[in-house]
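Encoded as structure tokens, the structure appears first; notes follow it.
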Amino acid sequence: MAQRVFSGIQPTGTLHIGNYFGAIRNWASLQEDHDCIYCIVDYHAITTEIDPQVLRAASRSMALDLIACGIDPQRTILFTQSAVPEHAELAWILGCVTGYGDLARMIQFKDKSAGKKFISAGLFIYPVLQAADILLYRAAGVPVGEDQVQHLELSRRIARRFNARFGEFFPEPEPIVGKGARIMSLADPTIKMSKSAGEAHYIGVMEDERSIRGKIRSAVTDIGLEPGTTMSPGVANLFEVLDLSGELLGDQSIAAELCSEFQSGKLMYSHLKDAVFESLMQVLRPIGERRRELETSGIVEDILREGADKARVIARENITKVREMAGLVVG
RNA sequence: AGGCCCGUAGCUCAAUUGGCAGAGCAUCCGACUCCAAAUCGGAAGGUUGGGGGUUCAACUCCUCCUGGGCCUGCCA
């Protein structure tokens, strides 16, 4: 049997190209030779305040985006986290073998809670739920970005502690490091692309062309460099997008050409931006089309229901074993 | 369970004795620029947490609600 892989993404409403190149594209290719379980993590989404109607719409929308981006429900289990409440139960149990100090050390918690008026206990416990997500399926591998490495390490630690206390059950999940694409914000190339930084910082996978063109045009570059100098972060980021798009399209000649222009100091950034736009749109257009077809076909609900059914079978089996081991009532 | 403090633009905060709700940063548009940045010019942004009351007039005073912070107490 193929190695089982688990990963989750928060329902943020829409994917941006950082999500796509950094994670989802890898999710899609892992389907070739792995047994994949991908989850829209709505329990995670409520760690910070979010309107219930917005959340529900965002979860559905994320499912559409993922399928449009190549997640194949025929081969892969795709579902919404809260449809399998065993995630929450396991999180509780694992929370009891997790050190307070371990959680207090999590960088993401420190970042996300800094300056917040209300910090939920859920936000603090977030990494435990994440561990539960993975361990509930006894996944062997987890595709992660750099920023999630610390959380995965905690998951391994939690698995180890559970095993030591109750008996060997959970495999320690291994990180699967993708191509390492880390797309930066257009407006501030020193930070990772994200929606929360603001409109000008990201490009939505489903965004309309005019808007994308505008954002690429106003992307930060630099004040003009001497030939042979290393690229500024903004320019390097644009090249990254161009490279990745070219790779998917099977044509990297434009990237190579512009790169040599850069080296000789002749590159016009407006040309680079035009090229980035054209290549990127070639990647995004078919995705958008697929997404529109899916939307009208109205089969997402069925896909998610079937996915949840399949996930639940595995989850129930494992949680039953965990209950047994922990001395809890087995119903 | 009791006590104290707080809530004003996306963020940080102003607003005299109760007298026209403002600034900085962020945002958006324009100029400049190969494109951006920086700079300059302009614009938008508000049920002052919510309801009720006093008053000619309430961000300001009273009252209830809600949310947040802190202190004390109790406890499966």
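Throughout, a chain's letter reflects where its sequence line sits, starting with A, and its residues are numbered from 1. Scope of the values below: all heavy atoms of this structure, side chains included, with no hydrogens, waters or symmetry mates.
Among A37(B), C34(B), C35(B), the nucleotide with an atom closest to any side-chain atom of Met268(A) is C34(B). Comparing A36(B), C28(B), C35(B) by their closest approach to the side chain of Val220(A) singles out A36(B).
Of the C1' atoms belonging to A26(B) and U66(B), the separation is 29 Å, rounded to the nearest Å. On the C1' atoms, G24(B) is 15 Å away from A15(B), given to the nearest whole Å. U55(B) and C74(B) are spaced 45 Å apart, taking the C1' atom of each and rounding to whole Å. Nucleotides G46(B) and A9(B) are separated by 10 Å at their P atoms, to the nearest Å. C20(B) and U60(B) are spaced 13 Å apart, taking the P atom of each and rounding to whole Å. When the C1' atom is compared between C32(B) and A44(B), the two are found 23 Å apart, to the nearest whole Å. Atom name P, nucleotides C56(B) and G41(B): the rounded distance is 46 Å, in whole Å. Here, U8(B) and C70(B) have their C1' atoms 23 Å apart, quoted to the whole Å.
For Glu301(A) and Arg60(A), the salt-bridge test passes: some basic side-chain N is under 4.0 Å from an acidic carboxylate O. Using a cutoff of 4.0 Å between basic side-chain nitrogens and carboxylate oxygens, Glu172(A) and Arg160(A) are scored as salt-bridged. Ion pairing of Arg161(A) with Asp102(A) is present here, as a side-chain N (NZ or NE/NH1/NH2) and a carboxylate O approach within less than 4.0 Å. A salt bridge links Glu295(A) with Arg291(A): the closest approach of a Lys/Arg side-chain nitrogen to an acidic carboxylate oxygen falls below 4.0 angstrom.
For C34(B), the base has a donor-acceptor partner in the side chain of Ser270(A) [N/O atoms by modelled type, under 3.5 angstrom].
The distance between atom OH of Tyr269(A) and atom C1' of C34(B), rounded to the nearest whole Å, is 11 Å. One interatomic measurement links the two molecules: CG of Leu258(A) to C1' of C35(B), which rounds to 13 Å at whole-angstrom precision. Across the protein-nucleic acid pair, Ile216(A) atom CD1 and A37(B) atom P stand 15 Å apart, rounded to whole Å. Taking atom NZ of residue Lys215(A) and atom P of nucleotide A37(B), one finds them 15 Å apart after rounding to whole Å. Across the protein-nucleic acid pair, Arg213(A) atom CZ and C35(B) atom C1' stand 13 Å apart, rounded to whole Å. Computed from coordinates, the Leu272(A) CG to U33(B) P distance equals 21 Å when rounded to whole Å. Across the protein-nucleic acid pair, Lys266(A) atom NZ and C34(B) atom P stand 18 Å apart, rounded to whole Å. If you measure from atom NE2 of His271(A) to atom P of C34(B), you get 12 Å, rounded to the nearest angstrom.
Pairing partner, C40(B): G30(B), with both Watson-Crick or wobble hydrogen-bond distances short of 3.5 Å. If you check U55(B) for Watson-Crick or wobble pairing at under 3.5 angstrom, you find it has no partner at all. In this entry G24(B) has C11(B) as its Watson-Crick or G-U wobble partner, both defining distances falling under 3.5 Å.
Arg25(A) forms no cation-pi arrangement with Tyr20(A), by the criterion of a distance under 6.0 Å to the ring centre and an angle within 45° of the ring axis. The cationic group of Lys215(A) lies under 6.0 Å from the six-membered ring centre of Tyr202(A) and within 45° of the ring axis, placing it in a cation-pi geometry.
Where Ile119(A) and Glu199(A) meet RNA chain B, the nucleotide closest to each residue was compared, and Glu199(A) sits on the side nearer the 5' end. Each of Ala187(A) and Ser218(A) has a nearest nucleotide on RNA chain B; the 5'-most of these lies closest to Ala187(A).
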